[in-house]
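Quick notes on the structure that follows.
Only this structure's heavy atoms are used, side chains among them; waters, hydrogens and symmetry mates stay out.
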Amino acid sequence: PVAWARAIVAIPAADSSVATADLRKLERLVEAAATAIDELVAADSAAKTAQSQVHATQQELDTAEQGALAVEVSLVNLLEAAQQHMSKHAVIEACPLCESPDRAHGLKERIAERIAAASQVRALAVAVKIATPVAEGKAVVRASALQKAKLAVEAVSVAAAPNDWRTAH
């Protein structure tokens, strides 16, 4: 750039309009490169945030599935039917499925907890399914912004090179 600036200064006044035009072009290219870099930074941040969200939600889902929260769909249907049956009775003296009175106390609450846990697992699974393509899309936007920034910076480099360098290569 120093050699280029010296070459610009050495240009006779009659040719200064060409130099001025070159400077304006370079200024536009630098502004475009700065904008492209800003877009890249924003896209990178959005992609990282989205990927972190997917990762955190997936970890939460894995934990829920491994723990006491995991309930098979067929069992959920059975629990919901039992819950509906027991809602018609104020007092439960025995389990409606096995007819055992041993664990009748608190059965309604335990069934409600298991249904809620299964709902949480389903909600987390849906959240992961929704967040994953969003994160993938943001990664594509980041890759595109990176390419655009590289091209913009390259355009500035080429435009800022001295004329003799551009013609020599």
Salt bridge (Lys or Arg N to Asp or Glu O under 4.0 Å): pairs with one or both residues in residues 87-98, sequence neighbours excluded: none
Pairs under 3.5 angstrom only: tabulate donor-acceptor contacts from the side chains of residues 36-47 to other protein residues two or more places apart or in another chain.
{"residue": "E39", "atom": "OE1", "partner": "K148", "partner atom": "NZ", "Å": "2.9"}
{"residue": "D44", "atom": "OD1", "partner": "R142", "partner atom": "NH1", "Å": "3.1"}
{"residue": "D44", "atom": "OD2", "partner": "K48", "partner atom": "NZ", "Å": "3.1"}

Any chain of hydrophobic side-chain contacts (each under 4.5 Å) joining I115 to M86? yes
Give a yes or no on this: more than 12 heavy atoms of other residues, nucleotides or ligands lie within 6.0 Å of atom CD of Q84. no
Once side chain to side chain donor-acceptor pair (under 3.5 Å) is applied, do any residues pair with S119, and if so which ones, sequence neighbours excluded? R122
Can you name the residues that form a side chain to side chain donor-acceptor pair (under 3.5 Å) with Q58, not counting sequence neighbours? D62
What residue pairs, at least two apart or across chains, pass ring-ring contact (aromatic ring centres under 6.0 Å, His included) with a residue in residues 118-156? none
Across all chains, not counting sequence neighbours, the side chain to side chain contact (heavy atoms under 4.5 Å, CB included) partners of Q59 are H55
With ILVMFWY side chains joined below 4.5 Å, transitively, what does I130's cluster contain besides itself? V126
Using the side chain to side chain contact (heavy atoms under 4.5 Å, CB included) criterion, which residues pair with S52? Sequence neighbours excluded. none
With a 4.5 Å limit on heavy-atom distance, are the side chains of L75 and R114 in contact? yes
Please name all residues satisfying side chain to side chain contact (heavy atoms under 4.5 Å, CB included) with S87, sequence neighbours left out, ordered by chain then number. none
Would you check if V76 and E80 make a side-chain contact, meaning some heavy-atom pair closer than 4.5 Å? yes
Determine whether E113 and R110 satisfy the following criterion, salt bridge (Lys or Arg N to Asp or Glu O under 4.0 Å), listing intermediate values before the conclusion. CA-CA 5 Å; E113 288 170 7; R110 181 67 184 129; 3.5 Å; yes
Please round to the nearest 0.5 Å and tell me the distance separating atom OG1 of T57 and atom CG of L61. 9.0 Å
Taking only residues two or more places apart in sequence or in another chain, which ones pass side chain to side chain contact (heavy atoms under 4.5 Å, CB included) with L151? Q147
Nearest 0.5 Å, what's the CG-CZ distance between L23 and R28? 10.5 Å
For the residue pair A135 and V54, what are the closest heavy atoms and their distance? CB-CG2, 3.8 Å
Please answer: with hydrophobic residues joined when any side-chain heavy atoms are less than 4.5 Å apart, are I92 and L79 in the same cluster? yes
Euclidean distance, E31 CD relative to L29 CG, rounded to 0.5 Å: 9.5 Å
What about V121 and V128, same hydrophobic cluster or not, with Ile/Leu/Val/Met/Phe/Trp/Tyr joined at side-chain heavy-atom distances under 4.5 Å? yes
Contacts of K138 meeting salt bridge (charged side-chain N to carboxylate O under 4.0 Å, His left out) (sequence neighbours excluded), chain-then-number -> none
To check you understand the geometry: which heavy-atom pair defines the closest contact between I111 and A82, and what is its length? CD1-CB, 4.1 Å
What pairs with H105 under ring-ring contact (aromatic ring centres under 6.0 Å, His included), at least two apart in sequence or on another chain? none
